[in-house]
> 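Below are the structure tokens for one structure; questions will follow.
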Amino acid sequence: MSSTEGSAVADRVAEGPVTSGRLAVLLIAAVLAIGATATTLGDTWVIAFTQWPVGLVTAAAIVAPRRWWWAPLLSGGALGWWTMRLADVVPLAAVGFGVSVAAQALVASVVLRWGGPDRPRLRSQGDLARWLVGCTLGPVLGTAVLAGFVVAAGDPPRPAEAVVVVLAATFSHLLLVLPFVGFDRVTLFRTDTERWLQWAAVLAATGAVFTLQDQVAWAFALVPLLAWGALRLTLQDMIAQLLVVSVAALTIASFGIGPYSISVEARDAVADSTVLHLFLLSAVLLVVPYALVAQLLRERSAEAHRERELVGRIMNSATRTAIIGTDRDGRITLFNVGAELLLGYDARDMLGLTPATFVPRSELHAQAEAVGTAPEFHRIARALTKRSSEPRDWRMRRKSGEMRTHSLTITRMHDQRGEVVGYVCTSEDVTARVQRQDALLAALLTEREAVERLEQADRMKDALVSTVSHELRTPLTSVLGYATMLADGDFGDLSAPVAQTLDRIINNGERLRSLVEDLLVLSRVNAGQLDLASEPLDMRDVVRSAYDVVAPQVEGRDLDVRVDLPDGKALVDGDAGMLERVVLNLLTNALKFTRDGGQVDVSITLEAEEVVLEVSDTGLGIPVEEQDQLFTQFFRSSVAKREAIQGTGLGLSIAHAIIEQHGGVIGATSEPSIGSTFLVVLPGSAPARGNGSPEAPPRGTTNARGPRAPRVRAGVSNGTRTRICRRGSCSRASRDARSHPLARHSRPSVC
């Protein structure tokens, strides 16, 4: 069913003020024509009063533009007075009729327009109530006005006469106002043949009952035909049929023909007209409300049908979602296309069954046990919906027997009273997701086992390294001791080849002992057992001690090794032996990676609350892409491997751990073929922050090629500042230091 606004006449009324005004004029002209005919051609005053079209005056008032609403009232009243004068009605009664017409139209139009748009409409029960009240109240008040004038004229009306005037005026309003109100035009699901047959039956019955016989009872044969039309046809058709039947009945009766013929005697004419108008009023009051209610029901039915179709299309378009509806006892009432595709069952076969058809018994027991109820679907649904509407995984069996996993959500359906009438189940096939989760869980378990095995292997490795290192230490110390005694001649003089062999044994033994010491320290670091002493010490002494160890390596090489130590104490709290290991490692690396002719600088500077150790060289450098791994255990740069420089890759990682244990920071910058700079920043102890008291100068600048002037040069490459200092004077050249890893530390120049 589809609807559009208003009837054909009402549509023309809504076009604008000009069209509305013209229609109002046409209606007043019709009033003039019909009223003049009724008063001049009728044989009695009853015809003049009861067939005068007062309803058209009200229709003209409701279609006229608002600013001209009074014009139809005045015109109608004037025509009422004039036409009654044509019927030789006494002047005062004629005036009363004119005033009565204007009053009826005024009251009826105000009620019809009350609380609504400018043009009345007939689309709801409220509109129907306004139509009935307006078309009844106006005639009653108008008849009262007319009665007053008639009494004043000296001819008091009888009650029967007042009743017939009220009935006639009410019928005129009810029928003649209808074509000019707004109502929905609908298209019905019926054929034109049925419509024309119904029209033909009404016309034939009208002609037969009002002309071919004179029995009043036979007129009611029209009622079933009109009722059938109200049920099957549109409201427009029914208004048109009422107009045809009413005009035919009134016209035929006014000529004295048929069962409702009006007598020429006034007293008999009142009775005849009363019966006729009661019949016509009954027809109008039966057909119009019946037709309106039928139309509203058709509209609501069509709307519900459209909603059902929309819901059906939505559900059937959800091909990847199963939507299953059940009643409160769990019997399936809905099974959408998605459910058919996901489960393989036909919807027609599933209606009336329960979800136990595709849910295994074991799954029902598992779900029932989880919520604490009996293993029946409707009981499980009731228990689940009381808790939450969160989806749960259900195992379901396809028609082929294949088991699938669905994520199922169950919600309740309620009726208008709020009672549960059923359940809606929506689900998606999540078998692939569950399989991926299971595979991921298995992979995680496998990985966890692998990690545990690796951790166990790592613990075993640490234990092995610690054990082997301890076991190697004692015999290695004994071997080196005897070899040193042999080399010193404690057991007699040695030939040159033997002495050279002993030197090789001692050198390699020392390398092996150094490796054992590194492994022992590494095992303590990994075990978190690197217990360090904490006592005030002077970093100058640590540097001197470390340099004494490497000094033999400098002899015989063309290297410029410079050590710059401050005059005041550089005090820190720490472990002297471990800090010496750090300095020794940095010095050893600098010497190993610097070719003859190069330079190695070692310096200590005192900052606000820190002691900074700097070791730089002009050696081979480290590739930029490898610098992030410098402090990783067992890391050796590609340069060391290419140049076959000996080492284990443990020294820097151990140095990093020792410095961190002291609360300090270690970092490095390097450029290939230019050199490297390592910085160690340690928190100074309280005396170090005050620069201490001057002491004897350090051992001075040492050079493997012999004594040099007491000058010190310390440089930091890769963008850090360069300082050239001499004792007693200092010149400074600064460059951008933002790229240095320890740029957060201020670097005042100290000479």
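This structure is a prediction, so every number in the text was calculated from the model and none was measured.
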> To the nearest 0.5 angstrom, please state how far the CE atom of Met396 sits from the OG1 atom of Thr357.
12.0 Å
> Hey, are Glu363 and Gln367 close enough side-chain-wise for a donor-acceptor pair under 3.5 Å?
yes
> Using the rule given for side-chain hydrogen bond (donor to acceptor under 3.5 Å, both in side chains), can you reason through Arg379 versus Thr373, listing the C-alpha separation, both sets of side-chain angles and the distance that settles it, and then say yes or no?
CA-CA 7 Å; Arg379 298 184 184 275; Thr373 188; 5.7 Å; no
> Quick check on Arg328: does its CZ atom have over 12 non-hydrogen neighbours (other residues, nucleotides or ligands) under 6.0 Å away?
no
> Around Glu447, counting heavy atoms of other residues, nucleotides and ligands shown, do more than 12 lie under 6.0 Å from its CD?
no
> Quick one: does any side-chain atom of Thr385 pair with a main-chain N or O of Arg382 as donor and acceptor, under 3.5 Å?
yes
> Roughly how far, to the nearest 0.5 Å, is the CE atom of Met238 from the OG1 atom of Thr234?
9.0 Å
> Check whether any side-chain heavy atom of Thr206 lies under 4.5 Å from a side-chain heavy atom of Phe210, and answer yes or no.
yes
> Just wondering, more than 12 heavy atoms not from Glu369 lying within 6.0 Å of its CD?
no
> Over all heavy atoms of both residues, which pair between Ala205 and Leu225 is shortest? Give the atoms and the distance, please.
CB-CD1, 3.7 Å
> So, Arg331 and Asp327, do they make that salt bridge, N to O below 4.0 Å?
yes
> Report yes if the side chains of Thr333 and Leu351 come closer than 4.5 Å at any heavy-atom pair, otherwise no.
no
> Could you pull out the closest heavy-atom pair between Val420 and Arg412, with the gap in Å?
CG2-CD, 3.8 Å
> Do Arg320 and Glu428 meet the salt-bridge criterion of a basic N to acidic O distance under 4.0 Å?
no
> Classify the angle between the aromatic ring planes of Phe220 and Phe279 as parallel (below 30°), tilted (30 to 60°) or perpendicular (above 60°).
perpendicular
> Can you give me the closest heavy-atom contact between Ser124 and Leu292, atom names plus distance?
O-CD2, 3.6 Å
> Looking only at heavy atoms, which two atoms of Val245 and Leu222 are closest? And how far apart?
CG1-CD1, 4.0 Å
> So which heavy atom on Pro375 is nearest to which on Ala368, and how close?
CA-CB, 3.6 Å
> Roughly how far, to the nearest 0.5 Å, is the CG atom of Leu112 from the OG1 atom of Thr58?
7.5 Å
> Would you say Arg395's side chain and Ser362's backbone share a donor-acceptor pair under 3.5 angstrom?
no
> Is Thr251 reaching over with its side chain to a backbone N or O of Ala248, donor-acceptor style, under 3.5 angstrom?
no
> So which atom in Pro139 and which in Thr170 form the shortest heavy-atom distance, rounded to 0.1 Å?
CB-OG1, 3.5 Å
> To the nearest 0.5 Å, what is the distance between CG on Asp237 and CH2 on Trp199?
6.5 Å
> Which residue in the set Arg404, His406, Arg392 passes side-chain hydrogen bond (donor to acceptor under 3.5 Å, both in side chains) when paired with Ser427?
His406
> Output the distance between atom CG (Leu285) and atom OH (Tyr290), rounded to the nearest 0.5 Å.
15.5 Å
> Please check: side-chain N/O of Gln198 versus main-chain N/O of Trp228, any donor-acceptor pairing under 3.5 Å?
no
> Taking Leu342's backbone N and O only, do any of them form a donor-acceptor pair with Arg398's side chain (distance below 3.5 Å, no angle check)?
yes
> For the pair Arg433 and Asp393, find out whether any cationic side-chain nitrogen is under 4.0 Å from an anionic carboxylate oxygen.
yes
> Looking at CZ of Phe180 and CG of Leu56, how far apart are the two atoms once the value is rounded to the nearest 0.5 Å?
6.5 Å
> With no hydrogens and no angle check, is any side-chain donor or acceptor of Ser109 less than 3.5 Å from a backbone partner on Ala105?
yes
